[in-house]
Number of protein chains: 2
Amino acid sequence: MTTVAPVPSSRDLPHPAREEIRLEGVLHALSDPVRLRIVRELAAEGIELSCSHFDLPVTKSTTTHHFRVLRENGVIRQAYEGTAKMNGLRRDDLDELFPGLLDRLLTAAARQAARHGEG
Amino acid sequence: MTTVAPVPSSRDLPHPAREEIRLEGVLHALSDPVRLRIVRELAAEGIELSCSHFDLPVTKSTTTHHFRVLRENGVIRQAYEGTAKMNGLRRDDLDELFPGLLDRLLTAAARQAARHGEG
DNA sequence: CGACTCGTACGATAAGCATCGTAGTACGGG
DNA sequence: CCCGTACTACGATGCTTATCGTACGAGTCG
């Protein structure tokens, strides 16, 4: 019974525990346009997405940086899966900590996107 | 009948119009502990408060800075009233732009405050 | 093994920001 | 008119951050 099931690949990444997630940190993470966009896309798809799925207006190293900020502030969960790194929203934890907040934020972001350009 | 009603005093301060308020800006403004605290207090009191009403763990110049950030990002409205500077939440504008968001944010902040120390 | 893809690490850079102290302006009251 | 109160302006400082480029590590597939 060594390494039976999912085998998420060797190295794993540091995530804050649910109780460690701070509202200020979440808000800071979402206050960047690139990161807000990532979260919106993650929410829209509803599934885990690899980093490379996103077509962002920044280089790869900057992309890595933004994903790390989102992870370190408890907004997303990241795990390696072979060569890809999968990203998923921490909906369960965020909804438990701050009921309804994530949905309102996403709605607000969608409304704003509709108002301005990218409708 | 000169100077009848409020007379908010000569100089006034630049505020963004409602349509100019950006979600990212609001989130950034609220991602600072001191500013989040100010907003929570403003919401709790429900009325306009002078800057000096707040007992914050920073100096007066830093306090001025935080109020300006809140104003410039459309979170609060500021107006001079004699020697005092009154501050009020822009509830109407925020609720119109991002329905329900402010309340969720305040609830989330309250929950977090209850969980950790300051209950 | 070798090549390719995905993502990271590290260093550099430039900008932003939270903080302070001091000096100054605006207003109201004696 | 002078003084006290309320807040600002300015400059300094040190920390954080968004961005990039290049070089590297980990996995997959031929």
Side-chain angles (χ1 to χ4, degrees), chain A residues 3 6-15 22 24-39 41-42 48-73 75-88, chain B residues 2-3 6-15 22 24-39 42 48-73 75-88:
Chain A
T3 64
V7 186
S9 190
S10 46
R11 71 232 150 135
D12 46 14
L13 303 147
H15 290 74
R22 301 275 305 163
E24 295 92 325
V26 173
L27 298 184
H28 168 247
L30 297 181
S31 71
D32 180 280
V34 175
R35 292 194 290 262
L36 184 55
R37 176 166 155 181
I38 291 172
V39 169
E41 204 157 333
L42 277 176
E48 304 226 325
L49 294 174
S50 74
C51 289
S52 57
H53 170 274
F54 297 84
D55 185 32
L56 301 171
V58 292
T59 65
K60 265 201 299 183
S61 28
T62 305
T63 300
T64 298
H65 162 69
H66 285 307
F67 275 104
R68 184 173 48 217
V69 172
L70 287 171
R71 186 190 73 236
E72 288 178 345
N73 284 291
V75 180
I76 67 172
R77 215 183 314 261
Q78 293 190 293
Y80 286 100
E81 218 156 283
T83 166
K85 192 181 193 174
M86 302 308 287
N87 303 278
Chain B
T2 50
T3 67
V7 186
S9 190
S10 46
R11 70 230 152 132
D12 45 15
L13 303 148
H15 289 75
R22 301 274 304 162
E24 294 91 325
V26 173
L27 297 184
H28 168 245
L30 297 180
S31 70
D32 181 280
V34 175
R35 292 195 290 261
L36 184 56
R37 176 166 156 181
I38 291 173
V39 169
L42 277 175
E48 304 226 327
L49 294 173
S50 74
C51 289
S52 57
H53 170 273
F54 297 84
D55 185 32
L56 301 171
V58 293
T59 65
K60 264 204 294 184
S61 30
T62 303
T63 300
T64 296
H65 162 69
H66 285 308
F67 275 104
R68 185 172 49 218
V69 172
L70 286 170
R71 187 190 73 237
E72 290 179 343
N73 284 290
V75 180
I76 67 171
R77 214 181 318 259
Q78 292 190 292
Y80 287 100
E81 218 157 285
T83 165
K85 190 180 194 176
M86 301 308 287
N87 304 278

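Values reported hereafter were calculated over all heavy atoms of this structure, with side chains retained and with hydrogens, waters and symmetry mates removed. The sequence lines fix the lettering, A, B, ..., with proteins before strands; numbering per chain opens at 1.
A:F54 and A:I38 make their closest contact through CE2-O, 3.8 Å (heavy atoms, listed as atom of the first residue, atom of the second, distance). Shortest non-hydrogen contact noted between A:R71 and A:P14 is NE-O, 3.1 Å. Counting all heavy atoms, side chain and backbone alike, B:I76 lies closest to B:H15 at O-CD2, 3.8 Å.
Between the CZ atom of B:F67 and the C1' atom of D:dA9 there is a distance of 18 Å, rounded to whole Å. Note: CD (A:E81) to P (C:dG7) measures 11 Å, nearest angstrom. Protein atom CG of B:N73 is 13 Å distant from nucleotide atom C1' of C:dG16, rounded to whole Å. Rounded to whole Å, atom P of C:dG7 lies 12 Å from atom NE2 of A:H53. Regarding A:E24, its CD atom lies at a distance of 16 Å from the C1' atom of D:dT16, rounded to whole Å.
Contact of the A:E81 side chain with the A:S50 side chain is not registered, since no non-hydrogen atoms from C-beta on lie closer than 4.5 Å. Between B:C51 and B:Q78 there is a side-chain heavy-atom pair separated by less than 4.5 Å.
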Find every protein N or O atom lying less than 3.5 Å from an N or O atom of nucleotides 17-24 of chain D, and list the pairs.
| from | atom 1 | to | atom 2 | distance (Å) |
| --- | --- | --- | --- | --- |
| D:dA18 | OP1 | A:R35 | NH2 | 3.3 |
| D:dA18 | OP2 | A:R35 | NH1 | 3.1 |
| D:dA18 | OP2 | A:H65 | NE2 | 3.0 |
| D:dT19 | OP2 | A:H66 | NE2 | 2.3 |
| D:dC20 | OP2 | A:T59 | N | 2.8 |
| D:dC20 | OP2 | A:T59 | OG1 | 3.2 |
| D:dC20 | OP2 | A:T62 | OG1 | 2.8 |
| D:dG21 | N7 | A:S61 | OG | 3.2 |
| D:dG21 | O6 | A:S61 | OG | 3.2 |

Which atom pairs, one a donor and one an acceptor, fall under 3.5 Å between side chains of residues 26-34 of chain A and the rest of the protein, sequence neighbours left out?
| from | atom 1 | to | atom 2 | distance (Å) |
| --- | --- | --- | --- | --- |
| A:S31 | OG | A:H28 | O | 2.8 |
| A:D32 | OD1 | A:V34 | N | 2.8 |
| A:D32 | OD1 | A:R35 | N | 3.3 |

